[in-house]
Amino acid sequence: MRRTVELTDIGGNDEGPRVLLLPGLGARGSGFRELALRLTDVARPVLVEYPEGEHAACGARALAEQVLRVTGPTDAVVASSFGGMVAAHLAAGGATRGVAFLGAFTRTAQVGPRGRLIAMMGPIAVLGRPGRVAASLAAWRPVPSAQVADVVPTTALERVTTLRRAFAIHAEPPPPDLRPLKVSCLCIQGDRDVLVPPSSLERLAASLPEGTPRHLLRGAGHVPYFSHPEDCARLLTPWLQALAPAGLAALAASEVGSAAWQGARGQRIQRPGGGVYGRGRGK
């Protein structure tokens, strides 16, 4: 059982931006692996796994605080689905300079009428026990049995954790709009997304800085980073390249970012695959 946020540092271009990859409500960060590998030429991707069980932060804001305590400020965040709410809290708190939203939202109202039913994802996870069919529906293509756990909650602990987080979404204030902030944003949406419909794209963009690029991927479902890693990498690459220069140094100079940065410096955590690296530095 994960008692705190766990990171998998993929490595990559040390001169590029450090980018956190945040999964959705019941998905695993490991589902980003193929996309992460395609970004190593221009960035330093880090897979994020959320805490589980009684140690799980319930709301998106509390989860963002947990993520920040472990990772420290970062250059960029790529977020899927509910992960967009977590990323928005990080951006509003000055902990990142850029956020890419992949089939994501920052407020449930952006999802339209389905937003009022998001809390039901918890009971569905527990009672429906989603498997390969649900994963394939989310991806809008067949998902191999070995990869189902990357897309939907498959263990009893994951399902209960999904239940807690789903019920907590409406119990806390949503993240503030990012529109007035100096944060670089990008939106990627699948035109076959059955959970966050394509119509949500414009509502999401209205809460982001003016001129935020929007991309609609044909044939992609709710997890385009998993089903279409090549297309997502192609769209993310120039955005990440623009975030490369002196990212964390500039962020550390800000009042909010500096406090978080100083609290994270010098601390070390265990790599999930072995070895250690300093928090906030990704190495």
Side chain to side chain donor-acceptor pair (under 3.5 Å) between Gln110 and Thr106, intermediate numbers included | CA-CA 7 Å; Gln110 294 166 357; Thr106 63; 2.8 Å; yes
Does the pair Leu217 and Leu235 meet the rule for a side-chain contact (heavy atoms from CB on, under 4.5 Å), with working shown?
-> CA-CA 10 Å; Leu217 287 183; Leu235 296 171; 4.0 Å; yes
Mind checking whether [X] and [Y] have side chains closer than 4.5 Å, heavy atoms only?
| X | Y | answer |
| --- | --- | --- |
| Val70 | Leu7 | yes |
| Pro209 | Leu181 | no |
| Val183 | Arg97 | no |
| Cys187 | Pro213 | no |
| Leu63 | Phe82 | yes |
| Asp9 | Arg44 | no |
| Val67 | Leu90 | yes |

Pairs satisfying side chain to side chain donor-acceptor pair (under 3.5 Å), at least one member in residues 219-231, at least two apart | Arg38-Glu230, Ser81-His222, Arg141-His228, Asp193-His222
So side chain to side chain donor-acceptor pair (under 3.5 Å) across residues 208-219, not counting sequence neighbours, yields Glu202-Arg214
Side-chain ([X]) to main-chain ([Y]) donor-acceptor, under 3.5 angstrom:
| X | Y | answer |
| --- | --- | --- |
| Ser136 | Val143 | yes |
| Asp75 | Arg18 | yes |
| Glu49 | Glu6 | no |
| Arg164 | Gly53 | yes |
| Ser200 | Pro197 | yes |

In Å, rounded to the nearest 0.5 Å, how long is the span from CZ of Arg132 to CD of Gln147?
-> 10.0 Å
Point-to-point distance, once rounded to the nearest 0.5 Å, from OG of Ser80 to CG of Leu195 =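 Going from the OG atom of Ser80 to the CG atom of Leu195 covers 9.5 Å.
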Can you spot which of Leu37, Asp41, Leu35 makes a side-chain contact (heavy atoms from CB on, under 4.5 Å) with Leu39?
->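 Passing option: Leu35.
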If Ile, Leu, Val, Met, Phe, Trp and Tyr residues are connected whenever their side-chain heavy atoms lie under 4.5 Å apart, and connections chain through other members, are [X] and [Y] in the same group?
| X | Y | answer |
| --- | --- | --- |
| Val160 | Val152 | no |
| Leu201 | Leu186 | no |
| Val77 | Phe105 | yes |
| Leu47 | Leu236 | yes |

All pairs passing salt bridge (Lys or Arg N to Asp or Glu O under 4.0 Å) where residues 172-190 contributes a residue, at least two apart = Arg107-Asp177
Counting only pairs under 3.5 Å, give me each side-chain donor-acceptor contact of residues 22-29, with atom names and distances, residues two or more places apart or in other chains.
unit_1 : atom_1 : unit_2 : atom_2 : d
Arg28  : NE     : Ala149 : O      : 3.3
Arg28  : NE     : Glu158 : OE2    : 2.6
Arg28  : NH2    : Glu158 : OE1    : 3.4
Arg28  : NH2    : Glu158 : OE2    : 3.0

Taking only residues two or more places apart in sequence, or in another chain, which ones meet Arg192 in a salt bridge (Lys or Arg N to Asp or Glu O under 4.0 Å)?
-> none
With side-chain contact (heavy atoms from CB on, under 4.5 Å) as the test, would you mind laying out the steps for Ile169 and Met85 before giving the verdict?
-> CA-CA 9 Å; Ile169 288 177; Met85 298 186 76; 4.2 Å; yes
Shortest non-hydrogen contact from [X] toward [Y]:
| X | Y | answer |
| --- | --- | --- |
| Leu216 | Pro198 | CD1-CB, 4.1 Å |
| Trp239 | Ser184 | NE1-OG, 2.8 Å |
| Ala92 | Pro176 | CB-CG, 3.5 Å |
| Pro51 | Thr161 | O-CG2, 3.8 Å |
| Ile10 | Ala36 | CG1-CB, 3.9 Å |
| Ala135 | Val148 | CB-CG1, 4.1 Å |

Tell me, please, which residues at least two apart from Phe226 pass ring pair (Phe, Tyr, Trp, His ring centres under 6.0 Å).
-> none
Evaluation steps, side-chain contact (heavy atoms from CB on, under 4.5 Å), between Phe101 and Ile188 = CA-CA 6 Å; Phe101 298 91; Ile188 300 175; over 6 Å; no
Stepwise side-chain contact (heavy atoms from CB on, under 4.5 Å) check, Ser207 with Leu178 | CA-CA 6 Å; Ser207 71; Leu178 303 184; over 6 Å; no
Let me see the working for Thr4 and Gln66 under side chain to side chain donor-acceptor pair (under 3.5 Å), right down to the final yes or no.
-> CA-CA 7 Å; Thr4 186; Gln66 283 196 347; 5.6 Å; no
